2 protein chains.
Amino acid sequence: MANIKDIAKHLGVAVSTVSRAMNNHPDVSEETKQQVMEAIRAFNYRPNAIARGLIRKKTFTIGLMIPEISDPFFSGLARAVERTLFGHGYQVVYGNTDRNPDKEKQFIANAIERQFDGLIITPDFLDATFIEMLSSLEMPVVFLRRRTPQELSMPYVDVDHYQAATVAVNYLLELGHKKIGFIGMPESSFTGTQRLLGYKDTMRKYGLLSESTDIVVAEGRHIPNGRKAMSELYEQNPHLTAVFAANDLLGIGSLEWLAKRDIKVPEQISVMGFDNLEYAELHWIQLTTMEQPTHRMGSKAAELLLQMIADKTQTPPSDLIEARLIERQSCQSLKRT
Amino acid sequence: MANIKDIAKHLGVAVSTVSRAMNNHPDVSEETKQQVMEAIRAFNYRPNAIARGLIRKKTFTIGLMIPEISDPFFSGLARAVERTLFGHGYQVVYGNTDRNPDKEKQFIANAIERQFDGLIITPDFLDATFIEMLSSLEMPVVFLRRRTPQELSMPYVDVDHYQAATVAVNYLLELGHKKIGFIGMPESSFTGTQRLLGYKDTMRKYGLLSESTDIVVAEGRHIPNGRKAMSELYEQNPHLTAVFAANDLLGIGSLEWLAKRDIKVPEQISVMGFDNLEYAELHWIQLTTMEQPTHRMGSKAAELLLQMIADKTQTPPSDLIEARLIERQSCQSLKRT
DNA sequence: CTGAAAGCGCTTACAG
DNA sequence: CTGAAAGCGCTTACAG
C-alpha cells in the first residue's frame, strides 16, 4: 500500500503539504491541492486511520455494549445507534456480553486499549469492580436501556417502565377488566420490577390487587417460561379475564398455552404484552402491547454521546422515554357484555 | 492515562525493557518482569492498541459485512463468526450494508483505512468497481453465504441451495405429493435461482413439472409477499396438495393467507419452508423447513479467514454446506389416503 | 503557502 | 539481560 511519503516523493513536495492538502487545510494553494488529489487517486492511496488516530487521539470508533445482538430488541437499538453515529463519521463496534459479567468487564478493557472515543452500554452486572472501572474511565459513556448507578454521573436513556405498565393496566381497566393477572420477569431484573410495580400500584389504586392469586413470576424471559407461567397462573385463578405479561415473549408463551388448551383469545381471556416484537404482528398472535421505541432510544443515546464527545465538561441530562400502546386483537372490551 | 514512558520512568528502566516485559519476551529477567507487572497494576496501565497496531501492522480486528444485522439469520451467522474469532483475540466489526451498493463499497474503503486484518463479506452487488476493489485488496477475504465471482480467487462458505431444494422436494414426493407448487424469491437472487432450479429439476425428473401453473415468483422475500404469492398460486392452481416456499418468511406468509381462508394446514395443503427461522417453531406455525446451519457456516468462515491470516500465500478451499431437513407439523403424508 | 522537525505510544533490531 | 535508537504513518506547531 502506498503511504503519504510515496505521494510526497512522487510530487516532490513535503509530506506535511500532502497531509494539509488532503485534510483540506486552508493554507494550501488550490494548485497543490489539485495535484495532491490527483496523485492520491492515481496511487489509490488511502490514509492510514491507525496512524492518524494515534496522533489525533481520536479513533472515530465508539463501542456499543449489548447483551445479545440476535435479540431483535437489541438489534433494533443497535441499528438506531449506528445510523446516527455513522452519519457523523463514527464506526460502532458491538460487544455482545451474553449477560456475562466477565465479558462486560472485558469490553471496557478492550475499549480502553483500542482508544474508543465513547461508549454506549447496556450492562447487567453493576458490581463494585465494574463501577470502579467506569469511574476511572476517561471516556464519555451513556447507559442505554439501563439506569445509571448513583455512584456514577453519566446520562442514561431508558423507557419509563413503571409509567408504561400503568398505561397498560389502565387500558385493560378501561376495557372493563377487573380480574387482571400479571406474568412477571425474574426478580433480578430492574425492568421487570418496575413493570410489576406499575401493575401493582394501578391495581391497588382501584382496590383490585390480589397478590397471592393474580401474580406469577416466570423463571426466565422466553416463550417456554411464558407457557409455564400461564399454566400456573391459570391454575391459581381461572377466573382472570385478562393477563398482562411483562414482555412479549412471555405473552406469546401464554398465548401458546392458551391455544393448546383451546381457550380463545380474546373471547375468553385477553392478553397484553410489552415490547412490540416483530412476532407480535403475526396473524395468529396479534398481540396488543406496549412498544419500546427502539429507534428513538438508540438515536437519543447516540446524540447524548456525541454531545459529550464534543464537550467533555458537560454531562447532558438523562432521558426517560414513554412507551406507546399498540392495539391489536388480543384484548377484548367487556363493556357491552 | 499512563503510558509506557511513565512506567519506565517510575522503574528507572528503558521503555524497551517495559515493552519486553509485558510482551513476555524471553530475554527479560524474572525480577524485572515482576517489577514491571507490579507497576502496570499500580498505574492501572493498559497498552495503547493503536500504537501497537501501527508498528506491528496488525490490528486484531476483522470486518464482517452483512446485509442487515437485525435479520435473525445474519445475526446468527455473525455470532458464530464472532465467537470463533474472539477466541483468537480478534474483535469483529459489523458493517450493515442494507443491501446498498454504496455502503458495500464504503465498507471496503473503511476496512482499508482502518487496517483490518481480514474480511468476511456477504455482498449483494458484485459490479466491476466492487470486484476491482477486492482484487487490489491486500487483505484476506472470505465470502459468506455467497459464491465468489470467477474473477476472484477467494474462498467462500455457502449452503448448497440446489441440493437442499432437491431434498425438500423429494421429501414432499415421498410423502405422496404430486402437485407441488413453488413460491420463489425475486429472480435477482442467486440463492433463489438455485432453489428454484432444484425444485424444477426434481419435479421434471418425475414428469411432474408444470411451470405455468405451479410456480409463482414473489415480489420480495418477506411475509406480505408470501401472502400475496400464495393467493396468486392458489388462484392459478387450487389443486395443489403441497407448496414449497423458497424461504420461511414466504412460507409463513403463505400460512397466514391459508389461515385467513380457513384452509387447513397440513390437512388440506402442506407447506414447506427454507431457513428454519425462530418463527418457524411457534405453536401456530410449526413449519417443516430446511435449516441453514448458521453456526457451522459462521465458524467455518472464521476458520478459513484465520488460516489465510496465518499463511497469506495459501487460499484454502471453499466449503459448500448441506442444509438439514427439520420436520415439524406443516406437511402431511398422503400415503394412507 | 511550504518545509523541516518533533512527536503520538509503542516495538524491535542492534550493540553491549 | 538491558538500553539507545530508529521507525510505524501520520499531524501540527514553528519558521520562513
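Everything numeric in this text was worked out from a predicted model, so none of it was measured. Lettering follows sequence order; numbering is per chain, from 1.
Of the candidates A:R145, A:R99, A:K103, A:R99 is the only one forming a salt bridge (Lys or Arg N to Asp or Glu O under 4.0 Å) with A:D124.
For the pair B:I4 CD1 and D:dT2 C1', the interatomic distance rounds to 14 Å; values are reported in whole Å. A straight line from CD1 of B:I55 to P of D:dA5 spans 16 Å, rounded to a whole angstrom. Rounding to whole angstrom units, CG of residue B:L11 and P of D:dT2 are separated by 11 Å. Between the C1' atom of D:dG7 and the CD1 atom of A:I50 lies a distance of 17 Å, rounded to the nearest Å. Note: CD1 (B:I112) to P (D:dC10) measures 13 Å, nearest angstrom. In this structure, the CZ atom of A:F60 is 14 Å from the C1' atom of D:dT11, given to the nearest Å. In this structure, NE2 of B:H25 is placed 14 Å from P of D:dG3, rounded to the nearest angstrom. Taking atom CZ of B:R56 as the reference point, atom P of D:dG9 lies 16 Å away to the nearest angstrom.
Below the 3.5 angstrom threshold, one finds a donor paired with an acceptor across the side chain of B:S16 and the base of D:dA4.
Picking from D:dA4, C:dT2, D:dC10 the nucleotide with the shortest atom distance to the side chain of A:T32 gives C:dT2. Distances from the side chain of B:M22 to the nucleotides C:dC10, C:dG3, D:dA4 place C:dC10 closest. Taking the side chain of B:Y45 as heavy atoms from C-beta on, and the options C:dC10, C:dA4, C:dC1, the nearest nucleotide is C:dC10. Distance from the side chain of B:R20 is smallest to D:dT2 among C:dC8, D:dT11, D:dT2. Comparing D:dG9, C:dG3, D:dT2 against the side chain of B:D27 picks out D:dT2 as the nearest. Closest to the side chain of A:K57, out of C:dG7, D:dA4, C:dG9, is C:dG9.
Nearest-nucleotide assignment on DNA chain D puts the 5′-proximal partner with B:G12, out of B:L54 and B:G12.
Annotated stems with DNA chain D as a participant read C:1-3 with D:14-16, C:5-12 with D:5-12, C:14-16 with D:1-3, given as range with range, by first number; only runs of 3 or more Watson-Crick or G-U pairs under 3.5 Å qualify.
Between A:K58 and D:dT11, a side-chain N or O to OP1/OP2 separation shorter than 4.0 Å is absent. Distances shown here put every side-chain N or O of A:R52 at or beyond 4.0 Å from the OP1 or OP2 atom of C:dC8. Phosphate proximity of D:dC10 to A:S19: absent, as no side-chain N or O sits under 4.0 Å from OP1 or OP2. At D:dT2, one or more side-chain N or O atoms of B:S29 fall inside 4.0 Å of OP1 or OP2 (strictly under the cut-off). The side chain of B:T17 contributes no N or O atom lying less than 4.0 Å from OP1 or OP2 of D:dT2. OP1 or OP2 of D:dT11 sits under 4.0 Å from a side-chain N or O of A:N23. Distances shorter than 4.0 Å separate some side-chain N or O of B:N3 from OP1 or OP2 on C:dG9.
Distance alone, capped at 3.5 Å, places no donor-acceptor pair between the A:D117 side chain and the A:I62 backbone.
B:Q34 and B:E38 form no side-chain donor-acceptor contact under 3.5 Å, judged by distance and modelled atom types alone. For the residue pair A:S16 and A:S19, no side-chain donor N or O sits within less than 3.5 Å of a side-chain acceptor on the partner. Side-chain contact check for A:N110 and B:Q91: at least one donor-acceptor pair (N or O, by modelled atom type) lies under 3.5 Å. Of the N and O atoms on the side chains of A:T59 and A:R52, not one donor lies less than 3.5 Å from an acceptor on the other residue.
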Mind running side chain to side chain donor-acceptor pair (under 3.5 Å) on B:E68 and B:S70 for me, showing each step along the way? CA-CA 6 Å; B:E68 166 61 82; B:S70 53; 2.7 Å; yes

Take B:Y90 and B:E82, measure what side chain to side chain donor-acceptor pair (under 3.5 Å) needs, and give me the verdict at the end. CA-CA 8 Å; B:Y90 289 86; B:E82 190 179 312; over 6 Å; no

